[in-house]
Each structure stands twice: as structure tokens, then as C-alpha cells.
Protein chains: 2
Amino acid sequence: MRNPSPGRTGRPRSAAADAAILAATRDALVELGWSKLTMGDVSARAGVAKTTLYRRWAGKSELVVDAVAELFDSLELPDRGSLEADIEYVVLRFAELLRRPEARTALMAVVSESTRDEALRDRIRSAIVDRQKRLVVLGRERAQARGELPYEEDEFLASRTTDLIFDVIAGTVVHRALVSSEPVDELWVATFTALLMHGLRGPAAA
Amino acid sequence: MRNPSPGRTGRPRSAAADAAILAATRDALVELGWSKLTMGDVSARAGVAKTTLYRRWAGKSELVVDAVAELFDSLELPDRGSLEADIEYVVLRFAELLRRPEARTALMAVVSESTRDEALRDRIRSAIVDRQKRLVVLGRERAQARGELPYEEDEFLASRTTDLIFDVIAGTVVHRALVSSEPVDELWVATFTALLMHGLRGPAAA
DNA sequence: GCTTTTACGCTACGAGCCGTAGCGTAACTC
DNA sequence: GAGTTACGCTACGGCTCGTAGCGTAAAAGC
């Protein structure tokens with residue numbers, strides 16, 4: 001989805017077409033999965049010419065990243081009163097998202113494609129990863145305000161910690177749900193959260 | 001890779017062909033990546049007819065799972081003297097494996113395919129996941145013998161804990177390496193291991 | 001109004017891969 | 001030897017790819 005500079009002449013791109021294409025992409029992911037999804041199929045579902053898709057997206061990967069990114073944007077982190085509750089909440093929400101077939105099949109596929117495509121890697125980072133990292137930052141700030149976690153002076157160290165927490169939470173949940181294919185239920189979440197809480201507070205105690 | 005019952009009549013399958021095909025598959029993954037790898041290309045590289053591939057593997061996914069599983073089997077866990085050192089060692093080794101292009105591109109791709117294919121899920125589980133879980137079991141037993149971790153009476157709880165540790169380690173490292181695409185260097189590993197150590201010993205301290 | 005510019009829909013195309021069928025030959029068991 | 005299974009090879013219809021070409025639609029500037 002390239003953004004043609006908005007102060008331009010000529011016929012503008014149809015925003016309705018964008019929405020229809022992304023929705024059609026998600027529908028196709030649900031019905032066909034990543035590997036059987038084709039550009040032609042999506043264009044037909046969206047009621048749009050195939051050439052229009054190629055005018056906006058370089059290929060399947062880019063299209064799917066944008067279609068799935070909209071799903072992940074729905075994640076929120078209301079204040080549940082404690083760090084523990086906040087973590088449990090976001091893990092359950094994330095797992096819920098990963099139960100949706102379009103998210104399951106697409107997420108790993110685009111990550112796989114991105115291993116050989118730096119532009120795609122950047123797109124995933126800006127469209128999905130970095131946007132979700134905000135949840136970790138928010139949860140951490142709240143916990144620090146509550147006195148549950150220590151403030152970290154060094155900004156560099158703080159950002160490293162944020163990245164670590166993000167990778168631990170997102171990575172563990174994805175692995176549990178998609179690789180081990182075991183349920184992310186409340187019991188598991190409680191155990192995982194307990195481990196994480198001890199891990200985060202451990203250094204403070206030392 | 002179907003195993004025709006070994007006490008059978010007729011011409012046996014060529015073991016050399018198997019090895020050549022799996023090696024050719026890994027070569028093709030390095031050069032082409034998952035999405036551009038084709039069965040025809042692999043058969044040509046292996047010096048084998050395309051039909052032979054289809055006689056042994058149902059498709060690309062199954063073939064690649066077997067080809068990559070051999071890579072993961074190379075992971076070992078020598079006794080480094082402490083739980084901490086054992087964890088750091090295996091994490092670094094695992095990350096090293098994930099730096100290989102054939103592993104990077106294939107692992108996520110087959111997981112993605114497996115979200116719509118239960119047979120493939122089982123194949124991944126038995127060929128890769130379950131086999132690597134042995135490392136966690138081994139490391140845990142050693143740590144318990146050293147007195148670093150408590151023995152868990154309940155067998156059911158013990159297996160839950162094993163699964164959790166496995167998901168945390170494998171998931172976090174994969175996420176760091178492939179999604180965040182940040183280096184898994186010694187500094188990061190030390191920080192991650194510290195978090196994990198506190199997480200594992202936390203409940204014991206309580 | 002008119003021109004310019006860009007987006008859109010449609011058709012058609014060569015190229016590549018898919019997965020299978022058919023057939024003759026090779027290798028092993030009894 | 002006979003029976004059985006694996007292999008190599010060729011050929012095929014069917015699908016998807018990504019692009020080119022062309023006429024039309026919708027905006028901005030005059």
C-alpha cells in the first residue's frame with residue numbers, strides 16, 4: 001500500500017477499494033490459507049481488477065501484512081490494577097487473536113518470507129511489531145508508577161529490557177499456540193505470568 | 001518419507017536417493033528460499049525423477065520438514081556445570097542454527113502451513129518439536145541433581161513445566177531472531193538467561 | 001467548458017509449476 | 001526363473017503468475 005503524495009493531480013485512489021481488498025484478503029486467508037491464496041482470487045472477491053492489486057502492492061506478502069496488521073491493531077491494554085493482571089490480560093487477548101485462522105496462517109508465513117526480503121522485514125516491523133511494542137511500554141510504565149517495577153535510569157538499558165519482555169511474551173505465546181499447538185488457557189497463562197513476574201522482579205530483589 | 005515395512009518383497013527404496021533429496025532440498029532452500037523452492041527443482045538437483053519425490057513425500061511441506069529436522073537433530077547439550085551455563089549454551093546453539101538460511105526460511109513456513117493441516121502438525125511435532133524437548137528434560141534433570149531446581153512430585157505438573165520452559169526458550173529465541181530480527185548475542189543471552197533463572201527459582205524461594 | 005494527469009477495468013499473453021498417468025526398465029525376494 | 005516393487009522418463013491439462021495494451025473514469029488546473 002503505497003501512499004501517493006496526497007497533493008497530487010489526477011484521479012485519486014479509491015479508499016473503498018483498499019478496504020474491500022484488505023477485507024477480501026482476510027476472507028481468503030480464512031477459506032484458503034496462505035499457500036492457496038492467490039492474487040486473482042482476492043481481486044475477484046473484492047470486485048476489483050487484478051491489475052489494481054499489483055498497482056498498490058508488490059505481491060502477496062505485502063498485501064497480507066497490511067491485511068493482518070489491521071487485526072493486531074485491535075489489541076488494547078486497559079489498566080487491570082496490577083502488573084500481573086495486565087500481563088495475563090494481554091496474553092489472553094493475544095492468544096485469542098492467534099486463534100483466528102487468518103492470523104495463524106498469515107503471521108508465520110510472512111515472517112518466513114521476510115527472512116529473504118529486507119523490505120518485507122521492515123514492513124512487518126513498522127506495521128505489526130513496533131506497533132504492538134507500545135503495549136509493553138505502557139504496561140511497564142504503569143507498573144513503575146505502581147512501584148511494582150524499578151525505574152531504569154539508562155535509556156539504552158530500558159529499551160533493551162522492553163525488547164526482551166516483548167520477545168518473551170509474544171514469542172512464548174506464539175510458540176505455545178502455533179508450534180506446540182497447545183491451548184493458551186487461563187491455567188497456562190497464570191503459570192507463565194508467574195514465571196515472568198519472578199523473572200522481572202528477581203533482579204530487583206538482588 | 002513413508003517407511004515401507006522392511007520385510008517386503010520387490011526392489012527396495014534407495015537410501016542414497018533419500019539422502020540426496022534431503023540434501024538437495026536444503027541447498028534449494030538456501031538458494032531459493034521456501035516460496036521459490038519447487039519439487040521439480042529439487043528433483044533435478046538430487047539427480048532423481050520428479051515422480052520419485054512424489055512417491056515418498058506428499059508435497060513440499062512434508063519434504064521440507066524432514067530436510068530441516070535433520071538440522072535440528074544436531075543440537076546437543078553437554079554438561080556445562082550449572083543450569084545457567086546449560087541454558088546459555090543451548091540458546092546460543094539454537095540461535096546459531098537459526099542463522100542458517102535454510103532453517104530460517106523453512107521453520108516458519110512449515111509452521112504456517114501446519115495451521116491448516118493436522119497431519120503436517122503431527123509430523124512437525126514428532127520430527128522436530130518433541131525431539132528437541134529432550135534437551136529441556138535433560139537440562140532440568142541435571143539441575144535437579146545439582147540441587148538448582150526442586151524435584152516436582154506430580155508427574156503431570158512436571159510435564160507442564162517442561163512444556164512451559166520449552167515454549168519460553170524456543171519461542172523467545174525464535175521471536176528475537178526472526179520477528180524482531182535482532183542479534184542473539186552473548187549479552188542478550190545473559191540477560192534472557194538471568195530472567196529465566198529468576199523465573200524458575202522464584203516459586204522455590206516462595 | 002477543456003486539457004492534463006492519474007486510476008481503473010478488461011483482455012490477452014508467455015512462462016512456470018503443479019500433480020498424475022503411462023510405460024519400459026532395474027533391483028530385490030523366493 | 002517368477003513375482004513384486006522402485007525408478008526414470010515423457011507428456012499432459014490445469015492453474016497462477018506478473019505484465020502489456022487499451023479504452024474509460026475521476027480528479028486538478030486553467
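In what follows, chains are A, B, ... by sequence order, proteins preceding strands, each numbered from 1.
Looking at A:Arg131 and A:Asp73, a side-chain N of the basic residue comes within less than 4.0 Å of a carboxylate O on the acidic one, giving a salt bridge.
Comparing atom distances between the B:Ala49 side chain and each of C:dA27, D:dC17, D:dC9 picks out D:dC9 as nearest. Each of C:dA26, C:dG22, C:dC18 was ranked by its minimum atom distance to the side chain of B:Thr51; first place goes to C:dG22. Each of D:dG3, C:dA7, C:dG9 was ranked by its minimum atom distance to the side chain of B:Thr9; first place goes to D:dG3. Taking every side-chain heavy atom of B:Met39 into account, C:dG19 is the closest of C:dG19, C:dA21, C:dG9.
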Next on the checklist: Evaluate B:Thr52 against B:Arg55 for side chain to side chain contact (heavy atoms under 4.5 Å, CB included), listing each step before the verdict.
Outcome noted: CA-CA 5 Å; B:Thr52 298; B:Arg55 286 190 187 104; 3.7 Å; yes
Checklist entry - Please walk me through it: do A:Arg140 and A:Glu152 pass side chain to side chain contact (heavy atoms under 4.5 Å, CB included)? => result CA-CA 11 Å; A:Arg140 193 141 171 263; A:Glu152 208 144 357; 2.7 Å; yes
Item to check | Working for side chain to side chain donor-acceptor pair (under 3.5 Å), residues A:Ser35 and B:Glu113 | outcome: CA-CA 7 Å; A:Ser35 58; B:Glu113 290 304 306; 3.0 Å; yes
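Atoms CD1 (B:Ile21) and C1' (D:dA6) sit 12 Å apart, rounded to a whole Å. For A:Leu63 and D:dC17, the CG to C1' distance is 15 Å, given to the nearest whole Å. As rounded to whole Å, 17 Å separates atom P of D:dG23 from atom CZ of A:Arg11. In this entry the distance linking NZ of B:Lys36 with P of C:dC18 reads 14 Å, nearest Å. Residue A:Asp41 contributes atom CG, which lies 11 Å from atom C1' of D:dT16 at whole-angstrom precision. The OH atom of A:Tyr54 sits 24 Å away from the P atom of C:dT6 (whole-angstrom rounding). D:dT16 atom C1' lies 13 Å from atom CG of A:Leu32, rounded to whole Å. Across the protein-nucleic acid pair, B:Leu53 atom CG and C:dC18 atom C1' stand 13 Å apart, rounded to whole Å.
Heavy-atom nearest nucleotides on DNA chain D were determined for B:Val48 and for B:Gly10, and the one closer to the 5' end corresponds to B:Gly10. In this structure, B:Lys50 and B:Gly47 both approach DNA chain D, and ranking their closest nucleotides by distance from the 5' end singles out B:Gly47.
In this structure, B:Ser14 does not reach the C:dA27 phosphate: none of its side-chain N or O atoms is under 4.0 Å from OP1 or OP2.
Side-chain contact check for A:Thr172 and B:Asp167: no donor-acceptor pair (N or O, by modelled atom type) lies under 3.5 Å.
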